[in-house]
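Worksheet: one structure, shown below.
Just so it is clear, the values below take in all heavy atoms, side chains as well, and ignore hydrogens, waters and symmetry mates.
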Amino acid sequence: MIFKSAFFVSLLVTAFATPPNLTRRTCGNELTATQVAEIEADFAAKKVEAPEVGIFAATIPVYFHVIQKDTSLAGGNVPDSQLNAQISVMNQAYAGSGLTFSLAGIDHTTNANWFNQVGPSSSLQTQMKSSLRKGGVNALNVYTVGFVSGSGAGLLGYSTFPSSYSGNPTDDGVVMLYSSVPGGTAVPYDLGQTLTHEAGHWLGLFHTFQGGCTASGDSVSDTPPEASPAFGCPTSRDTCSGGGVDPIHNYMDYSDDACMTQFTAGQISRIKSQILTYRNISA
């Protein structure tokens, strides 16, 4: 996928390209330093600061759009029980943020082309989202697909950033591999943390390894610098001198689902400011 330089182009991020056996979470499209600078400049100009005191509590409605090629589980027909489990995983992961994710709706669409071929910047993606997206700027729309071929081949998921909503509201949301929900078959990404990670981007977070060992990194001061994504669960990995060991347990790294356990206070603060600024979500 090629990103255009204009800031308000829809930014599709964090597409995880993985080999067929899903042995590691690798990135299909990452933001360049220029793209990050554009996002950060816009954020600085418009930023609404999150309150430093008081209780922050907000509910995000979640619409699941299950795209299937047929009515079998292998064909993408994710049962409601797994989607409810996915909401529970999300609420556990974001428990310290003041955000609650609430299931607002589930719909099923049988469309083999969408299931197999939807991917970043594809016309099929545009068709799918234009037909199915629900809610406003505060609603998280999640599309579960197969990522079999086309521009999405081998992906675990991708998302848009909050700052891109105004430029293309219909495009807003997360597209993810159907078998990465809790109880799915995408081992070791079968515990539901793909959506935790992608929702992190939807809420305004970058990868922990964004920018490598440079000072700005992921624009969050309390995530240690990281030269490259972590795979598996490499305890004590340290790829940048100074700042501490790599944040391999962070939801915004590429570690196995079982290794992901935390957001930092700085990430939570950024999330609050991002959604106050761009998503009209406030306590």
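- Here the OG-NE2 distance, from Ser180 to His197, works out to 11.5 Å after rounding to the nearest 0.5 Å.
- Applying the salt bridge (charged side-chain N to carboxylate O under 4.0 Å, His left out) test to every pair with at least one member in residues 86-112, sequence neighbours left out, gives these pairs: Asp107-Lys134.
- Using the six-membered ring where Trp is involved, Phe161 and His201 have ring planes that are perpendicular, over 60° apart on the 30 and 60° scheme.
- A side-chain N or O of Asp218 and one of Thr223 form a donor-acceptor pair less than 3.5 Å apart.
- What you find for Thr277 and Ser273 is that their closest heavy atoms are OG1-O, 2.6 Å.
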For this session: For Leu140 and Val62, run side chain to side chain contact (heavy atoms under 4.5 Å, CB included): C-alpha distance rounded to whole Å, both residues' side-chain angles, the deciding distance at 0.1 Å, then the answer.
Result: CA-CA 5 Å; Leu140 174 56; Val62 181; 4.3 Å; yes

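- Residues Tyr158 and Leu132 share a single hydrophobic cluster, defined by chaining ILVMFWY side chains whose heavy atoms lie under 4.5 Å apart.
- Here the shortest heavy-atom pairing between Leu205 and Met252 reads CD1-CG, 3.9 Å.
- Between Val181 and Leu83 the shortest heavy-atom distance is CG1-CD2, 4.4 Å.
- Gln68 and Thr110 share a donor-acceptor pair across their side chains, judged by distance under 3.5 Å alone.
- To the nearest 0.5 Å, atom OG of residue Ser164 and atom CG of residue Asp42 are 10.5 Å apart.
- Legend: residues meeting side chain to side chain donor-acceptor pair (under 3.5 Å) with Ser88, ordered by chain and number and at least two apart, are absent.
- Under 3.5 Å, the side chains of Thr196 and Gln193 contain a donor-acceptor pair of N or O atoms.
- For Arg133, the salt bridge (charged side-chain N to carboxylate O under 4.0 Å, His left out) partners two or more places apart in sequence, or in a different chain, are Asp172.
- To the nearest 0.5 Å, atom CG of residue Asn77 and atom CG of residue Asp70 are 8.0 Å apart.
- Arg237 places a side-chain heavy atom less than 4.5 Å from the side chain of Ser228.
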Problem set entry | Step-by-step side chain to side chain contact (heavy atoms under 4.5 Å, CB included) determination, Thr185 to Asp190 | CA-CA 6 Å; Thr185 58; Asp190 58 339; over 6 Å; no

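- Among the candidates Val175, Thr126, Asn111, the single residue satisfying the side-chain contact (heavy atoms from CB on, under 4.5 Å) test with Val118 is Val175.
- Residues forming a side chain to side chain contact (heavy atoms under 4.5 Å, CB included) with Ser221 (at least two apart in sequence, or on another chain): none.
- Here ring-ring contact (aromatic ring centres under 6.0 Å, His included) pairs that include residues 62-91, with residues two or more places apart or in two chains, are His65-Tyr143.
- A donor-acceptor pair under 3.5 Å is formed between the side chain of Ser151 and the backbone N or O of Pro120.
- Every residue two or more places apart in sequence or in another chain that forms a side chain to side chain donor-acceptor pair (under 3.5 Å) with Asp222 is listed here: Thr264.
- Among Thr208, Thr235, Thr239, the single residue meeting the side-chain hydrogen bond (donor to acceptor under 3.5 Å, both in side chains) criterion with Asp246 is Thr239.
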For this session: Would you check, one step at a time, whether the test side chain to side chain contact (heavy atoms under 4.5 Å, CB included) holds for Leu99 with Leu203?
Result: CA-CA 11 Å; Leu99 295 177; Leu203 294 166; 4.0 Å; yes

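- Legend: residues meeting side chain to side chain contact (heavy atoms under 4.5 Å, CB included) with Pro224, ordered by chain and number and at least two apart, are Pro247.
- Pairing each heavy atom of Thr59 with each of Ser102, the nearest pair is CG2-CB, 3.7 Å.
- Residues Met260 and Cys233 have side chains not in contact (no heavy-atom distance under 4.5 Å, counting atoms from C-beta outward).
- When side chains are defined from C-beta on, Ile39 does not count as touching Ser219, because their heavy atoms never get closer than 4.5 Å.
- When atom types are taken as modelled, the side chain of Ser179 and the backbone of Gly184 share no donor-acceptor pair closer than 3.5 angstrom.
- One finds the OH atom of Tyr278 at 10.5 Å from the NZ atom of Lys47 (value rounded to the nearest 0.5 Å).
- Taking hydrophobic clusters as Ile, Leu, Val, Met, Phe, Trp and Tyr residues chained together by side-chain heavy-atom distances below 4.5 Å, Trp114 does not share a cluster with Leu73.
- In this pair, Tyr178 and Phe115 present their aromatic rings tilted. The plane angle is within the 30 to 60° band.
- If you chain together ILVMFWY residues whose side-chain heavy atoms come under 4.5 Å of each other, Val137 ends up grouped with Tyr165.
- When all heavy atoms of Ile106 and His108 are compared, the pair lying nearest together is CG2-NE2, 3.8 Å.
- Heavy-atom contacts from other residues, nucleotides or ligands closer than 6.0 Å to CD of Gln92 number 12 or fewer.
- Put simply, the side chain of Pro188 does not reach to within 4.5 Å of the side chain of Asp257, judged on heavy atoms.
- When side chains are defined from C-beta on, Ile275 does not count as touching Pro162, because their heavy atoms never get closer than 4.5 Å.
- Between Ala50 and Leu276, the shortest heavy-atom distance links the atoms CA-CD1, 3.6 Å.
- Residues Tyr251 and Val245 fall into different hydrophobic clusters, defined by Ile, Leu, Val, Met, Phe, Trp and Tyr side chains chained together at heavy-atom separations under 4.5 Å.
- Taking the six-membered ring where the residue is Trp, Tyr254 and Phe209 present perpendicular rings, their angle passing 60° and hence far from 30°.
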Exercise. Stepwise, does the side chain to side chain contact (heavy atoms under 4.5 Å, CB included) test hold for Phe206 with Ser216?
Worked result: CA-CA 11 Å; Phe206 297 126; Ser216 58; over 6 Å; no

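- Pairs engaging residues 135-154 under the salt bridge (charged side-chain N to carboxylate O under 4.0 Å, His left out) rule: none recorded [sequence neighbours left out].
- Linking Ile, Leu, Val, Met, Phe, Trp and Tyr whenever their side-chain heavy atoms come within less than 4.5 Å leaves Leu156 and Val89 in two separate clusters.
- A donor-acceptor distance shorter than 3.5 angstrom exists from the side chain of Gln86 to the backbone of Gly192, with no hydrogens or angles considered.
- Residue Ile248 holds its CD1 atom at 11.0 Å from CG of Asp238, rounded to the nearest 0.5 Å.
- The salt bridge (charged side-chain N to carboxylate O under 4.0 Å, His left out) analysis of residues 73-88, with sequence neighbours excluded, yields no pairs.
- The list of salt bridge (charged side-chain N to carboxylate O under 4.0 Å, His left out) pairs with a residue in residues 258-275, not counting sequence neighbours, reads Glu40-Arg270.
- In this model, a donor atom of one side chain and an acceptor atom of the other lie less than 3.5 Å apart for Asn250 and Gln267.
- A ring-ring contact (aromatic ring centres under 6.0 Å, His included) check over residues 80-103, counting only residues at least two apart or in different chains, returns the pairs Tyr94-Phe101, Tyr94-Phe263.
- In this structure, Ile67 CD1 and Thr144 OG1 are separated by 6.5 Å, a value rounded to the nearest 0.5 Å.
- Residues Tyr189 and Leu191 do not share a hydrophobic cluster, clusters being chains of Ile/Leu/Val/Met/Phe/Trp/Tyr side chains in contact below 4.5 Å.
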